[in-house]
K.L.:
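Below you will find the structure I want to go over with you.
Residue numbers start from 1 in every chain, and the chains themselves are labelled A, B, ... in the order their sequence lines are given, proteins ahead of strands.
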Amino acid sequence: MDQLNQLSLEKQLEIASEKYPDILHEEHKEKEKKLPELKNVHGKVVMRLAPSPSGPLHLGHTRLCILNDEYTKRYGGELILRIEDTNPNNILPEAYEMIQEDCRWLGVNFTQYVVQSERIPFYYETARSLIKQGNAYMCSCKVEDFKRDLMNSTACPHRNISPEENLSIFESVIGNGPLQEHPVLVIKTDLHHPNPAVRDWIAFRVIEKPHPHTGRKYRFFPLMNFCVAADDHDLCLTHVIRGTDHINNTERQKYIFRYLGWKLPEYFHYGIIHIGDVILKTSLMKKGIISGEYTGWDDVRLATLRSLAARGYKPETFRKYWVDSGLNDVNADFSWEIFNSINRQYIDKTSDRYFFVSSPEKIKVDDAPETKALLNLYPNDDSRGFREYTVTKNPILYIPGQDMSEIENGDTIRLKGLYNIRKEDGIYRFAGTEVHGEKKKIIQWVSEDSIPFTIKKPDGDDDHGLLEKRATGKNGIIQLERYSFVNKVSDSTALFLHK
RNA sequence: GCUCCGAUGGUGUAGUCCGGCCAAGCAUAUCGGCCUUUCGAGCCGACGACCCGGGUCCGAAUCCCGGUCGGAGCACCA
């Protein structure tokens with residue numbers, strides 16, 4: 001090989017073309033984008049989705065759902081939907097059901113459903129094992145003191161209490177007896193760990209608020225890192241993929257695996273995709289819904305799955321977008337441009353075309369004969385049917401205010417499917433029916449008896465105008481020509497989808 | 001500040017592990033052309049990127065060092 005490499009490039013090519021002609025004629029085939037293979041796959045894989053039930057799923061969650069679903073479908077195996085509801089302060093009771101519905105809508109089929117609040121005794125048992133080993137201790141330091149000790153790598157007074165005493169404190173706390181202070185259970189790691197985030201961390205804390213599922217049965221609730229470690233092992237997870245925001249959590253969780261001699265799943269952390277222009281914080285959405293600012297979880301301004309579905313985004317769009325984005329470990333920005341373009345591919349063929357005139361302006365067309373307008377429901381495809389109108393002579397019509405403002409005296413424009421008009425001295429006149437010839441601006445129009453229509457847009461600004469009459473009674477995703485795709489939900493309203 | 005991570009066109013990615021099929025592919029956006037009675041779809045074309053500086057090597061987007069920039073985490077949230 002070294003000898004080969006000494007040769008000039010030409011020489012190498014010469015030899016290569018004689019001996020291995022194939023390798024020089026490799027064409028670039030267009031590949032369907034595919035997720036990389038998982039490491040360490042031995043047969044089936046077990047993966048999980050672990051949302052907290054603070055609200056329904058939103059755009060941000062869909063990435064994790066799709067990625068995990070793609071892998072469990074590829075390799076076969078289990079996809080566990082695990083509801084992380086060990087913080088009673090952060091639960092929307094309806095969310096348990098909503099999350100499952102959202103997954104099904106996305107085409108994500110989880111094969112097991114686990115609710116953490118039903119597994120508290122298991123967490124207690126795991127905690128007891130760690131306490132007995134001396135790897136966990138009960139602590140009642142003040143929050144500030146606890147943090148200060150960690151930063152200074154010093155042990156708090158409780159760190160050296162005997163396992164027996166810790167166990168008895170633990171039992172009394174979970175036994176719902178009287179409490180003077182609010183103790184926590186701490187997992188011992190390494191006070192000198194270079195990363196302060198990994199030093200002794202809190203595994204359980206007292207929350208007196210009743211839990212929507214378990215009421216007052218428990219008050220000593222495990223925190224995320226503890227449940228995740230215990231459950232990932234108990235549920236036999238083989239692979240865990242999640243965002244880089246969990247890297248430190250993974251380090252913390254590994255201590256429990258080590259203490260208990262558990263086999264680690266294969267971890268993969270991907271870069272965080274920042275999604276701009278929308279509200280994704282469930283707490284903010286909830287606040288807005290309670291205050292009445294938003295109409296509900298499917299309000300057009302929110303980026304919940306419900307809202308996006310209501311606007312007309314397809315499940316396939318989410319899947320393709322996230323598969324195309326891959327598992328890059330670099331943080332990136334979400335691209336609405338690309339997302340919308342993908343969705344357009346899925347909806348264009350099935351969307352009928354109609355005219356909507358935004359900010360309508362009235363015009364009268366002089367010298368116009370009575371005319372029949374025949375408009376395709378879908379361009380160039382007569383088999384899809386037509387919208388047919390008889391327009392009276394010298395009619396009153398409405399055109400978009402935006403277009404109206406751009407018409408100069410002397411301009412001829414085409415009313416699509418009808419005829420041409422020319423503006424002279426501020427008056428509109430019939431200007432023939434010739435479609436071709438001189439290049440004209442082509443605009444949509446509606447007649448006087450059209451219906452008032454509102455488009456609700458995600459930015460909160462609604463567009464008002466007139467919708468052509470033949471659209472009456474037909475709901476679903478349609479394209480309003482020269483305006484955008486929308487999901488028509490009634491004869492007076494549609495939700496804005498995208499251009 | 002501490003720990004860790006990363007850097008490919010306007011945007012999103014492929015390639016980086018195992019240096020040569022990469023004078024860098026795809027998508028999207030933009031611009032032009034064709035088609036079309038939509039600013040949609042389709043077809044064709046153009047534009048446009050390996051963060052900077054060193055090093056190793058016949059050869060570096062790919063390996064090494066330094067710098068710069070960016071990000072994630074540092075909760076009794078998940």
K.L.:
Which part of the nucleic acid does A/Pro194 contact within heavy-atom distance under 4.0 Å: base, sugar-phosphate only, or nothing?
P.N.:
sugar-phosphate

K.L.:
Take A/Ile342 and A/Lys441, find for each the nucleotide of RNA chain B with the closest heavy atom, and name the residue whose nucleotide sits nearer the 5' end.
P.N.:
A/Ile342

K.L.:
Does RNA chain B take part in any stems of at least 3 consecutive Watson-Crick or G-U pairs (both distances under 3.5 Å), and if so, which ones?
P.N.:
B:1-7 with B:68-74, B:10-13 with B:25-28, B:30-34 with B:42-46, B:51-55 with B:63-67

K.L.:
Reading nucleotides 72-78 of chain B from the 5' end, what letters show protein touch, with B for base, S for backbone sugar-phosphate only, - for no heavy atom under 4.0 Å?
P.N.:
SBS-BSB

K.L.:
How far, in whole Å, is B/U62 from B/C51 if one measures between their P atoms?
P.N.:
8 Å

K.L.:
Going by atom types only, do A/Asp190 and A/His193 share a side-chain donor-acceptor pair under 3.5 Å?
P.N.:
no

K.L.:
Does the pair A/Asp352/A/Arg384 count as a salt bridge with the N-to-O cut at 4.0 Å?
P.N.:
yes

K.L.:
Sorted by first residue and then second, give each salt bridge (charged side-chain N to carboxylate O under 4.0 Å, His left out) pair with at least one member in residues 135-147 of chain A; sequence neighbours left out.
P.N.:
A/Asp145-A/Arg148

K.L.:
So for atom CG, which belongs to A/Asp277, do other residues, nucleotides or ligands contribute more than 12 heavy atoms lying within a distance under 6.0 Å?
P.N.:
no

K.L.:
Determine the Euclidean distance between corresponding P atoms of B/A49 and B/U56; express it in Å to zero decimal places.
P.N.:
29 Å

K.L.:
Which part of the nucleic acid, if any, lies within contact of A/Asp403, taking any heavy atom under 4.0 Å across all strands shown: a base, the sugar-phosphate backbone alone, or nothing?
P.N.:
base

K.L.:
Taking only residues two or more places apart in sequence, or in another chain, which ones meet A/Phe339 in a side-chain contact (heavy atoms from CB on, under 4.5 Å)?
P.N.:
A/Leu59, A/Tyr313, A/Thr317, A/Phe318, A/Tyr321, A/Phe334, A/Trp336

K.L.:
Between side-chain atoms of residues 264-273 of chain A and protein atoms elsewhere (two or more places apart, or another chain), which donor-acceptor pairs fall under 3.5 Å?
P.N.:
from     : atom 1 : to       : atom 2 : distance (Å)
A/Glu266 : OE1    : A/Asn40  : ND2    : 2.9
A/His269 : NE2    : A/Thr250 : OG1    : 2.8

K.L.:
Determine the interatomic distance between C1' on B/G15 and the same-named atom on B/U8; round to the nearest Å.
P.N.:
9 Å

K.L.:
Could you give the distance separating B/U11 and B/U30 at their C1' atoms, to the nearest angstrom?
P.N.:
12 Å

K.L.:
If you measure from the C1' atom in B/C63 to the same atom in B/G12, how many Å do you get, rounded?
P.N.:
27 Å

K.L.:
For atom NZ of A/Lys287, decide whether the heavy atoms of other residues, nucleotides or ligands shown that lie under 6.0 angstrom number more than 12.
P.N.:
no

K.L.:
Tell me what A/Gly417 touches on the nucleic acid: a base, only sugar-phosphate, or nothing, going by heavy atoms under 4.0 Å.
P.N.:
base

K.L.:
Write out a two-atom table: protein N or O, nucleotide N or O from nucleotides 41-50 of chain B, distance below 3.5 Å.
P.N.:
from  : atom 1 : to       : atom 2 : distance (Å)
B/A41 : OP1    : A/Arg344 : NH1    : 3.3
B/A41 : O2'    : A/Lys349 : NZ     : 3.2

K.L.:
Check whether any side-chain heavy atom of A/His58 sits under 4.5 Å from a side-chain heavy atom of A/Leu302, and report yes or no.
P.N.:
no

K.L.:
Does A/Glu251 get its side chain close enough to the base of B/U3, under 3.5 Å, for a donor-acceptor pair?
P.N.:
no

K.L.:
Please measure how far the P atom in B/U16 lies from the corresponding atom in B/G25, and state the result in whole Å.
P.N.:
16 Å

K.L.:
How far does the P atom of B/C5 sit from the matching atom of B/A24, given to the nearest Å?
P.N.:
32 Å

K.L.:
Considering only the C1' atoms, how many Å lie between B/A61 and B/G9, rounded to the nearest integer?
P.N.:
14 Å

